[in-house]
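Working notes, structure below.
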Amino acid sequence: MTINHHPSDESLMRLAAGVLGAGPALVLSVHLEGCAVCRDHLAHFEAVGGAILDEMPPSLLAPDLFGRTMERLDVAQPLPARGPVMKPRPALGIELPQTMQGCEVGPWKWLGPGFQWSKVKIAGSPEAKVMLLKGKAGLHLPGHGHTGLEFTQILSGSLSDERGRYLPGDLDEADDGVDHRPVVGQESDCVCLAALEGDTRLHGILGRLLRPIVGF
Ligand SMILES: [Zn+2]
């Protein structure tokens, strides 16, 4: 599998520091499961963070800062979603990545013609805006922008937009400068895992479609 689209260094650094939200952290972790290049980058960022801590005399650290920082580094392990499966999985027609083992995943629900979604719940992070999306082959998704970052990991099929083509293993990180109109490849249906960071809202037609049904 050749991976052409990766998360930004900034997002990997935030994952290493434990300050990336649970939804984006899950999407990045699924990407890391299949991407040795990003696993190397993450290990580097974790090592750099550890080295900075090692070089700081304890007297310069606030009494509880060291402990808090180490807790964050512990939290920053790349597979935050592992754990017991909470409910039997509905049949989704796709094998989910190992990294999603601890997530509760709902059945496919109608979102539009040829377009379905499934709610993904991360244990301990009920506020995370994360879901699976499935579009039928050739579907033109509604155009949309975002107020913040949107992370999309392709699990099967392909998506294309004005910036390129995204295949299984690819991660698209779209910021508020991206206003896109993705199209599902003709070869098969496309399933992807998508997360919005923090209070990111979708605007455009997709936002108006998702908000009343999905809640974000
Ligand atoms: Zn990568």
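We count ligands from 1, going down the list as the structure has it; atoms in each ligand are counted the same way. Since the structure is predicted, the reported quantities are computational estimates derived from the model, not experimental observations.
In this structure, the side chains of Gln153 and Glu33 stay at 4.5 Å or more apart for every pair of heavy atoms.
Residue side and main chain included, His31 places an N/O/S atom under 2.8 Å of the Zn ion (ligand 1). Within the coordination shell of the Zn ion (ligand 1), defined by N, O or S atoms under 2.8 Å, Cys35 is present.
Of the possible polar contacts, none joining the Asp170 side chain to the Ile154 backbone as a donor-acceptor pair under 3.5 Å is found.
Between His6 and His31, the ring planes lie perpendicular to each other; the angle is over 60°, past the 30° to 60° tilted range.
Of all N, O or S atoms in His6, the one lying closest to the Zn ion (ligand 1) is ND1.
We find that Glu187 and Arg165 are joined by a salt bridge, their nearest charged nitrogen and carboxylate oxygen being less than 4.0 Å apart.
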